[in-house]
Amino acid sequence: MSRVLLINPAMAEIYKIAKIKNSVPNYFPLNLLTIATPLIENSHEVQLLDLNYKTNVEDSVIEALKEFLPDYVGITFTTPLYSQSVRIISLVKEYNGNIVTIAGGVHITSDCMNTMKNSNIDIAVTGEGDFTLLEIVESGNIKAIRGIAYRENGTIIINDRDPLLTCLDTIPFPAVSLIERDLYKLPHTVRRKEPVFPLETSRGCVYECVYCNKSIFGNKFREKSPERVMQDLRKIAELGYNEVHIVDDGFTTNMKRAKEICRLI
C-alpha cells in the first residue's frame with residue numbers, strides 16, 4: 001500500500017485583489033477526486049490538500065507532509081497557477097527528496113518538456129490521466145506506462161500517449177469522501193441551493209476556437225451514456241447534494257442524448 005497526497009493549488013491567489021473575487025465559483029477539485037477513486041479501490045491511502053482553504057500555502061504543504069508522510073505527491077499544473085505549482089513541488093523535494101512528485105493537467109500536457117526542465121517534477125502525466133496515477137503507483141516499470149514523461153539519468157523521456165477514452169462510462173465516480181463538503185460554498189450569484197456538485201457527462205469540444213487548448217480532451221465529442229448520467233445523479237442526490245452544475249465543454253453537442261438525459265430526469 002502506498003500513501004498518495006493530492007494537492008490542489010490555491011486559485012484564490014489569482015483573484016485575491018480582483019473585484020470579482022466574491023463571485024468566483026470554487027468547486028471541489030473534480031479531476032483530483034476522480035483519479036483518487038482507483039487508488040482507494042486498490043487499497044492505497046489517499047489524502048487531498050486543497051490550498052484554496054488554507055491561509056498559508058507553504059506552511060500547509062509542510063504540515064501535510066509531516067502528518068501524512070506520503071510516498072507520492074500529485075499536483076495539478078494549470079497555466080495561471082504555474083509558479084505556485086513549481087513552488088509547491090520544490091517544497092516537497094526540499095522536505096524529502098525521496099517523495100515521488102507527479103504533475104498533471106493542461107499546462108504540463110501542453111508544454112511538458114519545458115515544464116519538467118524548469119521544475120522538480122519526477123513524473124508528468126500527459127493527456128487523460130484517470131487511471132494513470134494508479135499505474136504509476138503500482139507499476140514496477142514506469143518506462144512501459146503510456147502518457148507519461150519521466151527522468152532517466154538526467155534525461156527527460158516522453159512516452160507516447162494513450163488513445164483518448166472511447167467509453168466514458170468507465171470513468172470512476174469522484175472520491176467525495178476525501179473532502180469536507182461544507183467548505184465548498186459557492187457565491188449566490190452562481191447557484192440556487194447548496195451544496196453543489198460539479199458533474200462531468202462528456203468530454204471534448206468539436207469547435208476550433210483559436211484561443212482554446214484541446215491538448216487533453218481533443219475535439220472529438222465523447223460522452224457518458226444517459227443511463228450512466230442518471231446513475232451519477234441518483235448517487236449525488238443520495239449524498240445530499242441539492243444542485244448539479246454540468247461542467248462539460250458542450251453538453252448539448254449531441255442534442256438527442258441531451259434530450260434523453262432530460263427525459264430520464
Check whether any side-chain heavy atom of [X] sits under 4.5 Å from a side-chain heavy atom of [Y], and report yes or no.
X: Ile102; Y: Ile121; result: no
X: Met11; Y: Leu51; result: no
X: Tyr184; Y: Pro195; result: no

Is there a side chain to side chain donor-acceptor pair (under 3.5 Å) between Arg257 and Thr201 once you walk through the steps? CA-CA 11 Å; Arg257 166 185 169 271; Thr201 81; 2.8 Å; yes
Look at the side chain of [X] and the backbone N and O of [Y], then say whether any donor-acceptor pair between them is shorter than 3.5 Å.
X: Lys235; Y: Met230; answer: no
X: Arg222; Y: Gly204; answer: no
X: His44; Y: Ser2; answer: yes
X: Lys224; Y: Arg228; answer: no
X: Glu243; Y: Lys193; answer: yes
X: Thr101; Y: Asn120; answer: yes
X: Arg151; Y: Met116; answer: yes
X: Thr170; Y: Cys167; answer: yes
X: Thr132; Y: Val125; answer: no
X: Asn159; Y: Ile145; answer: yes

Hydrophobic clusters join Ile, Leu, Val, Met, Phe, Trp and Tyr when side-chain heavy atoms are under 4.5 Å apart, directly or via other members; which others share one with Tyr27? Leu186, Val190, Val196
One should read off an interatomic distance between Leu91 CG and Ile99 CD1, to the nearest 0.5 angstrom, of 11.0 Å
So, taking the atom named NZ in Lys66 and the one named CG in Asn96, what distance separates them when rounded to the nearest 0.5 Å? 12.5 Å
May I ask you to check whether over 12 heavy atoms, not counting those of Glu152, lie within 6.0 Å of atom CD? yes
Anything under 30° is parallel, anything over 60° is perpendicular, the rest tilted; go ahead and classify Phe77 against His107. tilted
Lys NZ or Arg CZ of Lys143 over Tyr150 ring: under 6.0 Å, within 45°: no
Lys NZ or Arg CZ of Arg181 over Tyr241 ring: under 6.0 Å, within 45°: yes
Will you find, in the side chains of Thr109 and Arg161, an N or O donor that is under 3.5 Å from an N or O acceptor? no
With a 3.5 Å cut-off and no angle check, do the side chains of Thr76 and Asn8 form a donor-acceptor pair? no
Please report the closest heavy-atom contact between Pro38 and Asp130, naming both atoms and the distance. CG-O, 3.7 Å
Is [X] salt-bridged to [Y], cutoff N-O under 4.0 Å?
X: Arg87; Y: Glu58; result: yes
X: Arg263; Y: Glu260; result: yes
X: Arg203; Y: Glu223; result: no
X: Asp59; Y: Lys54; result: no

[Y] reachable from [X] in the ILVMFWY side-chain graph, under 4.5 Å edges:
X: Phe131; Y: Val4; value: no
X: Leu164; Y: Val206; value: no
X: Val61; Y: Leu69; value: yes

For [X], all residues meeting side-chain hydrogen bond (donor to acceptor under 3.5 Å, both in side chains), sequence neighbours excluded:
X: Glu208; result: Asn219
X: Asn242; result: none
X: Asn52; result: Asp50
X: Asp169; result: Ser225

Applied to residues 36-45, the salt bridge (charged side-chain N to carboxylate O under 4.0 Å, His left out) test, sequence neighbours excluded, yields Arg3-Glu45
